[in-house]
Protein chains: 2
Amino acid sequence: MSILKAEKSRTNYHHGNLEMALIAAATEMIRESGVEHISLRAVAAQVGVSPSAAYHYFPDKDALISGVGLALFDLLADRQEVAMAAFPGNGEKAVRARFRALGRAYFEWGNTESNLFRLMFGVFCALDQEQTVAARDESRAWKLLQGSLDQLANVGAINSAVRPYGEILAWSAVHGATSLIIEGHLPEAAFESVLDALEISLRMVKSNE
Amino acid sequence: MSILKAEKSRTNYHHGNLEMALIAAATEMIRESGVEHISLRAVAAQVGVSPSAAYHYFPDKDALISGVGLALFDLLADRQEVAMAAFPGNGEKAVRARFRALGRAYFEWGNTESNLFRLMFGVFCALDQEQTVAARDESRAWKLLQGSLDQLANVGAINSAVRPYGEILAWSAVHGATSLIIEGHLPEAAFESVLDALEISLRMVKSNE
DNA sequence: AGAATAATCTGTACATCGTTCAGATTTGGA
DNA sequence: TCCAAATCTGAACGATGTACAGATTATTCT
């Protein structure tokens, strides 16, 4: 789970790679305790450095936390790619399996690493209204979703009337279900239902207006 | 926005209704600054009471915050009921308008009171795995959603194949879209798209397997 | 190589925070 | 009226985020 092993046993006065070491330590501590329970001082102590040292790389604690959160989006995309790789091929069956794997990987990441998931989609990683579209279009996860829906469309497993809504609907539903389940507002089994409903909806829709 | 006006000008030694006054003050301060930026001391000062006084009603700061969050679910349901009341009648048009109003009220609550929304669905108000189904079935918002979907089914505006998924899919999609928009991962216009997609999906689905 | 300069880290300090606890104040019932 | 319970204050403690002056190491220039 460590983003980068930047431990250098620290005999020198200079650390070597303090910025990454701070992010790695903060990630692990947030993972275990939640973002609301970590302190800059504890992270610095874990790395073996004085609290003030962190201020050379981050203007304040929030910046360190944001750094942690933003780095996590790549980890989530990694998980999704691995999950989809389990279903190779271009047939409808494989394409649909990959779509489900994409969503399920999102949920399982959130469910097993809920402290990290909360950080990623919490207020610390909020984007400006101007950044949002640009950041989304560049994000690996968004591209994976786009590609998966395109492939569904290619094999005729998704109706053209809803295809334009595909990304937004799928992401919203999967993200919402994950969040609600994590916080205990929906039971865990609800996620497969959302995948079912999503697949049925996208697939069987027939335009009649 | 104040849940309860419990200001008593405080000439006496005893406050009168300190518990509610603390919740009201904390609600307002969280609303303005976010849950991560409020302090128990500031809340107590706002009410005109010493910090220790709060510990007579709440075991710790987290309990006060949870108290604030849990009270907000009723406010959200209020908003939804008001929004739906704007479209009376039993025709398909009215029923569908109420369904959209239900979702839109959820989004607008989240979008205009994002600090309160984050609190409600954040870690401070997380439920145990045992509480989840019970709490959900008792929640007013869940009943509103159930009723709205039942009415859609009655007027034939929703296919029976997806009806069982209705609550979970709609809540997940609406909640997910709201969250993602609030944190800047989707543009604000995406919400109407989600409503469109949801309505189309639920309405036009034809079971063929 | 040696000296000047930049980069990096420490130590101390301060205001604020959550929380505890002993005791002051007020209320309500016998 | 007096006593007990309920309610609130005040002082205190350790921990936190952060600023700043200065110590230490690395780099560059001659």
Side-chain angles (χ1 to χ4, degrees), chain A residues 4 6-30 32-69 115 119 122-125, chain B residues 4 6-30 32-69 115 119 122-125:
Chain A
L4 179 53
E7 354 239 334
K8 204 193 156 196
S9 78
R10 180 95 173 102
T11 67
N12 315 335
Y13 190 87
H14 282 200
H15 181 279
N17 201 349
L18 184 53
E19 180 171 5
M20 286 305 161
L22 287 170
I23 290 208
T27 302
E28 181 55 26
M29 297 175 76
I30 291 173
E32 285 174 2
S33 315
V35 71
E36 69 278 7
H37 289 127
I38 70 148
S39 71
L40 216 194
R41 298 176 100 106
V43 173
Q46 171 81 11
V47 174
V49 111
S50 97
S52 325
Y55 287 84
H56 219 272
Y57 301 96
F58 304 97
D60 55 12
K61 182 192 178 186
D62 287 3
L64 168 58
I65 291 179
S66 298
V68 171
N115 284 326
L119 169 58
V123 77
F124 285 107
C125 298
Chain B
L4 180 52
E7 354 239 334
K8 204 193 155 196
S9 77
R10 181 92 175 103
T11 66
N12 315 336
Y13 190 88
H14 282 200
H15 182 281
N17 201 350
L18 185 52
E19 180 173 4
M20 285 307 160
L22 287 170
I23 289 207
T27 303
E28 181 55 26
M29 297 176 77
I30 291 172
E32 285 174 2
S33 315
V35 72
E36 68 278 7
H37 290 127
I38 70 147
S39 70
L40 216 192
R41 298 175 100 106
V43 173
Q46 171 80 13
V47 174
V49 111
S50 98
S52 327
Y55 287 84
H56 218 272
Y57 301 96
F58 305 97
D60 54 12
K61 183 191 178 187
D62 286 4
L64 168 59
I65 292 179
S66 298
V68 171
N115 284 326
L119 170 58
V123 75
F124 285 107
C125 299

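Every value quoted in this text rests on a predicted model; they were computed, and no experiment measured them. Protein chains get the first letters and strands the later ones, always in sequence-line order, with residue 1 at the start of each.
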Among [options], which nucleotide sits nearest the side chain of [X]?
X	options	result
B:Leu40	D:dC8, C:dC9, C:dT19	C:dT19
B:His56	C:dT10, C:dT8, D:dC8	D:dC8
A:Ser50	D:dT18, D:dT9, C:dG11	C:dG11
B:Tyr55	C:dG18, D:dA6, C:dT10	C:dG18

Take the protein atom [atom1] of [X] and the nucleotide atom [atom2] of [N], then report the distance between them rounded to whole Å.
X	N	atom1	atom2	answer
B:Gln46	C:dC17	CD	C1'	18 Å
A:Ile65	D:dT16	CD1	C1'	13 Å
A:Leu64	D:dT18	CG	C1'	14 Å
B:Phe58	D:dT7	CZ	C1'	15 Å
A:Ile38	D:dA15	CD1	P	17 Å
B:Asp60	C:dC17	CG	C1'	14 Å
B:Glu19	D:dT7	CD	P	10 Å

Assign each of A:Ala42 and A:Ser52 the nucleotide of DNA chain D bearing its closest heavy atom; nearer the 5' end lies the nucleotide of A:Ala42
By nearest-heavy-atom nucleotide on DNA chain D, the more 5' of B:Leu18 and B:Arg41 is B:Leu18
dist A:Ile30:CD1 -> A:Glu36:CD (nearest 0.5 Å) comes out at 9.5 Å
With A:Val68 as partner, the option from A:Leu22, A:Leu119, A:Val43, A:Ile38 fulfilling side-chain contact (heavy atoms from CB on, under 4.5 Å) is A:Leu119
Q.
I want to check something: taking the side chain as every heavy atom from C-beta on, are B:Val35 and B:Asn115 in contact at a cut-off of under 4.5 Å?
A.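 A side-chain contact is absent here, since even the closest heavy-atom pair is not under 4.5 Å.
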Notebook entry, point to check: Looking across every strand, which nucleic acid part, if any, lies under 4.0 Å from B:Tyr57 by heavy atom: base, sugar-phosphate, or nothing?
Noted result: sugar-phosphate
Considering every strand and a 4.0 Å limit on heavy-atom distances, what is the contact class for A:Ser39: base, sugar-phosphate, or nothing? sugar-phosphate
Scanning both residues in full, the closest heavy-atom pair of A:Tyr55 with A:Leu40 reads OH-CD1, 3.2 Å
| request: Specify the closest pair of heavy atoms between B:Met29 and B:Ala42, including all atoms of both residues, with the distance to one decimal. | output: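 Looking at all heavy atoms of both residues, the closest pair is CE-CB, 3.6 Å.
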